Amino acid sequence: KAGVTQTPRYLIKTRGQQVTLSCSPISGHRSVSWYQQTPGQGLQFLFEYFSETQRNKGNFPGRFSGRQFSNSRSEMNVSTLELGDSALYLCASSLAEGDTEAFFGQGTRLTVV
Amino acid sequence: GENVEQHPSTLSVQEGDSAVIKCTYSDSASNYFPWYKQELGKRPQLIIDIRSNVGEKKDQRIAVTLNKTAKHFSLHITETQPEDSAVYFCAALNTGGFKTIFGAGTRLFVKA
């Protein structure tokens, strides 16, 4: 069974640009959550999707958005990139809404220059 | 808002000693508390979890305790080994709120 797949693995963007990250959950998993990981800040919750609906959102500006497709694949978008957006972005999938164990992808490392 | 505080941020122990990491959560509706281990350059992976209706859970050298009244929970690793060296994250989830809040992480070093 394939794990959670995130693409691309690495990305370099310049300030002001926008970026789209992709996450394919484990087959059969319907819940996808996104996290931003920076040194010293741990894992900051971005949003959670289930059945194409955003169920909850963390404390991030509106420049951060996401969506989920009917096949449960999810994308997150960051517009007007800032230097401080440089981080590892992780997505995690769970079997169902409110379910327990989350399986993480390898992450996308975004560098904004 | 919801918050999870995790201490210490760094922990160094001698191989064979025990390690304890403590977390405190703010959302009294939290009912599920997982612990994740993240080795260098790898993804976080669940190592143990506990639900609010249980006070303690053990899996070989790893145990987790939960005090719902005080809103804190702890990870205990006994007989530590060098391969236990990693960053450990605690988390609290209200399974009805679809939002997992993570602690800032503890970097554990186990010296051989």
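Worth knowing before you read on, the calculation uses all heavy atoms, side chains too, and leaves out hydrogens, waters and symmetry mates. Lettering follows sequence order; numbering is per chain, from 1. Source: prediction; values computed, not measured.
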Locate the shortest heavy-atom distance separating [X] from [Y]; write the atom from each residue and the value.
X         : Y        : answer
Gly103(B) : Phe89(B) : O-CD2, 3.4 Å
Ala87(A)  : Gln36(A) : CB-CG, 3.6 Å
Tyr49(A)  : Ser74(A) : CD1-OG, 4.3 Å
Gln68(A)  : Val32(A) : NE2-CG2, 3.8 Å

Using side-chain heavy atoms (C-beta onward) and a distance below 4.5 Å, is [X] in contact with [Y]?
X        : Y         : result
Gln38(B) : Phe104(A) : no
Ile50(B) : Trp35(B)  : no
Tyr89(A) : Leu46(A)  : yes

What part of [X] lies closer than 4.5 angstrom to a heavy atom of chain B: side chain, backbone, both or neither?
X        : result
Ala92(A) : neither
Leu90(A) : side chain
Gln44(A) : neither
Tyr35(A) : side chain

Response to the item:
Most heavy-atom pairs under 4.5 Å with chain B, out of Ala102(A), Ser33(A), Gly58(A), belong to Ala102(A)

Practice prompt. Select all residues of residues 58-70 of chain B having any heavy atom within less than 4.5 Å of some heavy atom of chain A, and report them by number, or 'none'.
Written response: none

Practice prompt. Measure distances from Pro34(B) to the heavy atoms of chain A and classify the residue's part below 4.5 Å as side chain, backbone, both or neither.
Written response: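 The answer is neither part of Pro34(B).
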
Practice prompt. Going by the side chain to side chain donor-acceptor pair (under 3.5 Å) test, name the single residue among Ser93(A), Ser72(A), Ser24(A) that passes it with His29(A).
Written response: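 For His29(A), the side chain to side chain donor-acceptor pair (under 3.5 Å) check succeeds only for Ser93(A).
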
Fill in: Within residues 9-21 of chain A or reaching into it, pairs that qualify as side-chain hydrogen bond (donor to acceptor under 3.5 Å, both in side chains) - sequence neighbours excluded
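Listed by first then second residue: Thr14(A)-Gln17(A), Thr20(A)-Asn77(A).
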
